[in-house]
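Take a look at the structure below.
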Amino acid sequence: MAKTPARDRLTQPTTKSPDALSLWVGSHLSVAGGLERAVEEAKALHFGGLQVFTRNQRVWKTPALTEDEVRAFRDACAGAVFAESGRIVSHNSYLVNLASPDVDARRKSIECERAELERCEQLGITASVAHPGAHLGTYLGAARKPKDPNDLHAEPQGDELEGLRRIAKSLDEIHAGLRGYRVRVALETTTGSGTNLGYAFRHLAIIRDLVREPDRVAFCIDTCHIVSSGYGHATEQDASATLAAFDEVCGLAHVAVMHMNDSEAPPASRRDLHAHIGHGTCGKPIFEAVMRHPKLARVPKVLETEKGDSPSGTSWDVVNAKALVAMAKSPAAVRLGTLAFCFCSMFLLAGCSASWFKRTTVAASAQPVVLRTEPTVAEEEVLVAADKAMAHADYETALRLFRDLLNDNPTLSPAYLGMGQALMAEGDPQRAETAFARAVKLTPASFQSQFGHAEVLSVLGRMTEAVGAFRRALAIRPLDFATNLALAKAYLELDQSNNALIFAQKSVEIDPMSAAAQIRLAEAFTQTGDGAGAVRAYEEAVELGEPTKELLLALVQAYGAQKRFEEAVNTAQALLMLGPDANAAERLGWARFRMGRFEEALAAYEQALTIDPDHWPSLNGVGVLKLNAWIKSEKRLDAARDDARNAFQRSLQVNGNQPKVTALLIHYRLGDDPR
């Protein structure tokens, strides 16, 4: 009998249980020491899929591949499972943005992407993953906030549509210069953070439809990204519907690679935080749907989760790969293994901590430890690119660049600082605090690190620690205005009024024209019992800046505390001119009441209730005025008594914790019906 050729045997159907090799499961592995090293590691781990960086992804230009490098890589693939086309993919540089409206930036991105595809063609890699890009404009004419949800079904318009068109034109230019190349660009799904395109399946379809050679464009689906983008995932039906939607819009036949990542961020959060399989918010159904889908059977399923060893001592890549293989089994097989799986999970999770930082795709063990806190020229270029992404609210790209820098140099303080700032902008103060704390530990003499740490501690409500951090920042820059002002605010929150006053006065000395400093000074005067000083500071703030409702309301309070009711009335009237405000109308009524102008006071209270019928301080004001009228009539005006009772009772319905109002109802027997 003739022997089956070795290459054919690799793809022969087998009756043994599915494994990572047969299911095309693998990981992004380090190429430190040579591209072939990643292939050798994947073979040693018995993986059936692999993703690599073919070059330094943190710089725009890199030396061309040598013949020896190409030969070593191809030799490593030969005679192994990776000789089969499609099992290995590359990931392009994070610096590339083919959607950029900046002509020079887009030109650099085109050249960088072209170089990546040329390297892939030399190595025999048939797909290169690329993030579509960020349009850097607005969404329907307005800037998107980090927590604004994605509209997954809307047709892109305005800057989004223009960004998609720029991507297609850039790809056309790249394709025109690489005639006859087999390698395809695999556009990746994104979370939609900042102005990133690709969060909706429709975006990817539009790009492919617009290019002149659509067969040269493929797709990459990232499980973490589609969950964070807002697609269904929690149930078997949801997960199946999501893959069906992708198939209908883009075509699963065009998927060249799957990124298999769980998500630490909540679903629909638009945040890109990878977690180990089963340790995040994606849920099993989405992974089971991918692993069991027949159209994805011969697609590499690549892990981009943190490297290192699990608590059991087993490589996380191996643990995660086994979890995916288990999810490929039929439901019946899964039920039979549930007990064993639970036992193993308890063992693996023993002592596991959730506080450690996620590192990117290259194994920590393969990287040299570089005890250097300041960036090299190449690292500085990446930091600049990350700062630009931050400026355009593209926090996902910024965080990816910061993490990638830290993967090679875990002591690079500016990267931790930038990560903290990006996480704060994303609304994640807990993680931001970890990043700032690391930056402070590495470079305690850095003002930005100390100040950033102090700010995030303030947001977390850890005011005593925040004061300490602000004081350390102040030791570095004693005359820094923002630090002195922040210390005044922190001491006010700690009810340490004398300390607050010291730093508020210092802030005013540094910048006498700052309305914010005058407001802090007024608040400190109020806490120390200096009402006259508070009035002076508030008046100065009004003169220096655009009067806000909050500022004018505080000035009304300050005037009232000094029994300067005429000025309180005038300020409340000015406040009402800024727009309808129930608090302002109530304060106007209160000031008029203190002046004995009862009818005008009643009119102001009624105005407040017109603005907000549930404004309980105004209900109390009406109640007191009506009660006085009833008492002055020697309790003959029943209508006034009824109005007082109704106002007080309505106030208690809105806010039941008012013992004085309850006491009034009882004392004057307003709850009783005298008839």
Side-chain angles (χ1 to χ4, degrees), residues 522-523 526 529 531-532 534-535 538-539 542 547-675:
E523 292 170 343
T526 300
V535 167
Y538 278 131
E539 288 177 334
V542 170
T548 64
K549 288 186 175 183
E550 293 77 13
L551 174 55
L552 291 178
L553 191 59
L555 182 55
V556 171
Q557 292 285 94
Y559 280 137
Q562 290 298 105
K563 300 187 182 338
R564 295 166 61 174
F565 298 116
E566 187 69 42
E567 290 161 297
V569 165
N570 294 336
T571 305
Q573 288 174 326
L575 178 54
L576 280 169
M577 291 178 66
L578 295 179
D581 189 295
N583 290 324
E586 186 274 333
R587 289 290 85 185
L588 176 61
W590 167 78
R592 285 172 171 172
F593 177 84
R594 297 299 299 269
M595 295 177 68
R597 294 155 58 177
F598 300 129
E599 290 187 6
E600 294 177 58
L602 181 61
Y605 287 134
E606 289 175 341
Q607 181 182 2
L609 292 171
T610 300
I611 298 168
D612 180 5
D614 292 331
H615 196 255
W616 59 268
S618 297
L619 287 166
N620 290 338
V622 170
V624 169
L625 286 168
K626 293 295 185 178
L627 181 63
N628 285 346
W630 177 60
I631 293 171
K632 286 182 178 180
S633 73
E634 297 180 352
K635 300 183 179 181
R636 293 175 183 173
L637 292 177
D638 290 341
R641 177 185 185 276
D642 292 343
D643 288 343
R645 179 185 65 227
N646 292 338
F648 287 138
Q649 288 179 340
R650 175 62 183 147
S651 175
L652 287 172
Q653 288 176 0
V654 178
N655 178 10
N657 186 26
Q658 298 185 80
K660 290 184 178 180
V661 174
T662 302
L664 281 174
L665 285 169
I666 295 172
H667 179 77
Y668 290 102
R669 300 181 64 186
L670 296 181
D672 301 333
D673 190 344
R675 294 164 292 190

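For clarity, every value in this text was computed on a predicted model and none was experimentally measured.
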Residue pair G623 / A644: nearest heavy atoms and the distance that separates them | O-CB, 3.6 Å

Just how far is it from atom CG of L665 to atom CZ of R645, taken to the nearest 0.5 Å?
-> 9.5 Å

Can you tell me how far the CG atom of L637 sits from the CD1 atom of I631, to the nearest 0.5 Å?
-> 11.5 Å

Exercise: identify the closest heavy-atom pair between A629 and A640 | CB-CB, 4.3 Å

CA sep, side-chain torsions, deciding dist, call: L619, Y605, side chain to side chain contact (heavy atoms under 4.5 Å, CB included) | CA-CA 7 Å; L619 287 166; Y605 287 134; over 6 Å; no

Residue pairs meeting ring pair (Phe, Tyr, Trp, His ring centres under 6.0 Å), one or both in residues 623-645, sequence neighbours left out, come to none

Scanning both residues in full, the closest heavy-atom pair of L578 with P547 reads CD1-O, 3.9 Å

State which residues pass side-chain contact (heavy atoms from CB on, under 4.5 Å) with A532; sequence neighbours excluded, sorted by chain then number.
-> D530, R536, Q562

Of all heavy-atom pairs linking A582 and S618, the shortest is O-OG, 4.4 Å

Check: F593 ring centroid to F598 ring centroid under 6.0 Å = yes

How long is the gap from CG on L553 to CD on E550, to the nearest 0.5 Å?
-> 8.0 Å

Residues two or more places apart in sequence or in another chain: which of them pass side-chain hydrogen bond (donor to acceptor under 3.5 Å, both in side chains) with Y538?
-> none

Please name the pair of heavy atoms, one in A591 and one in V569, separated by the smallest distance, quoted to 0.1 Å.
-> CB-CG2, 3.5 Å

Please name all residues satisfying ring-ring contact (aromatic ring centres under 6.0 Å, His included) with Y668, sequence neighbours left out, ordered by chain then number.
-> none

Sequence neighbours excluded, the answer for salt bridge (charged side-chain N to carboxylate O under 4.0 Å, His left out) partners of R592 is E600

Sort and list the pairs that fulfil side-chain hydrogen bond (donor to acceptor under 3.5 Å, both in side chains) and have at least one residue in residues 566-576, not counting sequence neighbours.
-> R564-E567

Indicate yes or no: at least one non-hydrogen side-chain atom of L670 is less than 4.5 angstrom from one of L627.
-> yes

Inter- and intrachain pairs under salt bridge (charged side-chain N to carboxylate O under 4.0 Å, His left out), touching residues 618-636, at least two apart = K626-D643, E634-R636

Pairs in or reaching into residues 581-590: which pass side-chain hydrogen bond (donor to acceptor under 3.5 Å, both in side chains), with residues at least two apart or in two chains?
-> Q557-R587, N583-H615

Scan the side chains in residues 655-663 for donor-acceptor partners under 3.5 Å anywhere in the protein, sequence neighbours excluded, and list what turns up.
from, atom 1, to, atom 2, distance (Å)
N655, OD1, N657, N, 3.2
Q658, OE1, N620, ND2, 2.7
Q658, NE2, S651, O, 3.3
Q658, NE2, S651, OG, 2.9
Q658, NE2, N655, O, 2.9
T662, OG1, Q658, O, 3.3

Is the shortest side-chain N to carboxylate O distance from R641 to D638 below 4.0 Å?
-> no

Taking all non-hydrogen atoms of both residues into account, name the closest pair between A647 and V622 and its distance.
-> CB-CG1, 4.2 Å

For Q653, enumerate each residue passing the side-chain hydrogen bond (donor to acceptor under 3.5 Å, both in side chains) test, keeping only those at least two apart in sequence or located in another chain.
-> R650

